[in-house]
Amino acid sequence: MPAIHPPSKVLVSGANGFVATWVIRNLLEHGYSVRGTVRSARKGEHLKKYFAGYGDKLEIVIVEDITKEGAFDKAVKCVDAIVHMASPISDHFNHSDDIMPDDLLLTVNHPCSQSIKRVVFTSSGATIMQESDTPVVLTEKDWNIECLEMFKELGGNAPDSVKYRASKVFAEQGAWKFMQEHEIGWDLTVLNPTYVFGPVIHEVTDPSSLNLTPGLFYRYVANPVKSEEADNEFLAKTGSAWTDVRDLADAHRLALEIEEAKNERIIISAGGKISVSASIPAQIGADGDIAEVDIANALDPPPNLSNPLPRGNTGASSQATVDLYLDNTKSKRVLGLKYRSMAEMTKDTLADYEARGW
């Protein structure tokens, strides 16, 4: 299938989310029309107000229950492409051997959606991560099989983190399985982003209303709580890879526009290293990690905060760690993606918080 270009119309599911709102903005700024799905009229109000300047280039439709059969039948009509971001953790994962695509993919294969040329499916870096006793470079060929095995063993008693990762693996594997088993008229591109940080443009009222990843950044970087109970070293302990939400929005648009992106799985990550060990030191930090120390050291001069960011010497580990590297080569080669620096991401995010009085 040929790639998608303006003024094509793109359906964005889960349109009111942190990443999805940036994707919509990116598409509109580049001349696309957008149809966004939300679960209620109220959830679409902020989008209509924020993007009012684009007039009828943005259309909001309500899909109350995205798991209901035929839920997207009307939404997919007369669109050229889909960015699929709505992916809830489903209760039906109890049948872990039954890998199925979600309802939107089934709808896309319906005769009413013959205009669709490409689907960009937002998966997760969680589908790629795995345990290792030795340093390893993870690529798009890797799968997080450990979480599936743990979920099959524990079922509903599995930790929430395992359920989340397993749900992401099931959803993505279901999408690829669907592609293999059906004759379809559209291409599939899957993006696998890691932790996503950056300024917020979706509807939020205060820091407590931030969802998972922007909430982590605020809680552990911008306004860390000092107490014996608080785990202020969370980011240093996980050392997880990260990317800027604006770069991820670029990646979604480019995945529509670039022919070579068809039927590809692509890691999206600006910082590519995750450090793990049996006994995690307080500071791991190195290029690619998102330890609080690294974020602070990236800022020069440091911002004037009531709770200063921890600054120090990174990499001062007294414990052996195992480094897992996420290879982002394909995102640069296929999409031509250029990542923002940690310093730029942090400065812009803190400026956003300041403007909101946070």
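All values below were derived from every heavy atom in this structure, side-chain atoms included, with hydrogens, water molecules and symmetry-related copies excluded. The shown structure was predicted, so the numbers you read here are calculated from the model rather than taken from an experiment.
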- Message: Membership question, hydrophobic clusters at under 4.5 Å side-chain separation (ILVMFWY): are V61 and V79 in the same one?
- Response: no
- Item | SB check D250 R246 (cutoff 4.0 Å) | no
- Task: Report the C-alpha distance between V12 and L27 in whole Å, list the side-chain angles of each, state the deciding distance to 0.1 Å, and finish with yes or no for side-chain contact (heavy atoms from CB on, under 4.5 Å).
- Result: CA-CA 10 Å; V12 178; L27 290 170; 4.0 Å; yes
- Item | Nearest atoms (heavy-atom pairs only) where P214 meets V200 | CB-CG2, 4.4 Å
- Any side-chain donor-acceptor pair under 3.5 Å between E172 and W176? yes
- Item | side-chain contact (heavy atoms from CB on, under 4.5 Å) assessment of K49 paired with E203 | CA-CA 10 Å; K49 181 177 180 181; E203 183 178 18; over 6 Å; no
- Query: Heavy atoms, side chains only, cut-off 4.5 Å: are T37 and I62 in contact?
  - Reply: no
- Task: Please name the pair of heavy atoms, one in H202 and one in G17, separated by the smallest distance, quoted to 0.1 Å.
- Result: CB-O, 3.7 Å
- Query: Does the side chain to side chain donor-acceptor pair (under 3.5 Å) test come out yes or no for R265 and S123, once each step is laid out?
  - Reply: CA-CA 9 Å; R265 188 182 192 217; S123 185; 5.7 Å; no
- Item | Shortest non-hydrogen separation from I267 to E140 and the atoms involved | N-OE2, 2.8 Å
- N192 and T127 side chains, donor-acceptor separation under 3.5 Å: yes
- Between D142 and T139, is there a donor-acceptor pair closer than 3.5 Å when you use the side chain of the first and the backbone of the second? yes
- Keeping the roles fixed (side chain from T21, backbone from F18), state whether a donor-acceptor pair exists under 3.5 Å. no
- Query: With a 4.5 Å limit on heavy-atom distance, are the side chains of W143 and I128 in contact?
  - Reply: no
- Report the C-alpha separation of Y50 and E45 in whole Å, then their side-chain angles, then the decisive distance to 0.1 Å, and conclude whether the side chain to side chain donor-acceptor pair (under 3.5 Å) test is met. CA-CA 9 Å; Y50 186 84; E45 292 174 359; over 6 Å; no
- Task: Could you tell me whether the side chain of D348 reaches within less than 4.5 Å of the side chain of L350, counting heavy atoms only?
- Result: no
- Message: Can you see whether N144 engages R165 through a side-chain donor-acceptor pair at a distance of less than 3.5 angstrom?
- Response: no
- Message: Can you classify the ring geometry of F121 versus H84 as parallel (below 30°), tilted (30 to 60°) or perpendicular (above 60°)?
- Response: perpendicular
- Message: Strictly by ring pair (Phe, Tyr, Trp, His ring centres under 6.0 Å), give each pair with a member in residues 332-357 just once, sequence neighbours left out.
- Response: Y218-Y353, Y353-W358
Distance-only check: which donor-acceptor pairs under 3.5 Å involve side-chain atoms of residues 205-213, not counting sequence neighbours?
| unit_1 | atom_1 | unit_2 | atom_2 | d |
| --- | --- | --- | --- | --- |
| D206 | OD1 | S208 | N | 2.9 |
| D206 | OD1 | S208 | OG | 2.3 |
| D206 | OD1 | S209 | N | 3.3 |
| S209 | OG | T205 | N | 2.9 |
| S209 | OG | D206 | N | 3.3 |
| S209 | OG | D206 | O | 2.7 |
| T213 | OG1 | V196 | O | 2.8 |

- Here the salt bridge (charged side-chain N to carboxylate O under 4.0 Å, His left out) pairs for residues 5-28, sequence neighbours left out, are K9-E59, R25-E29
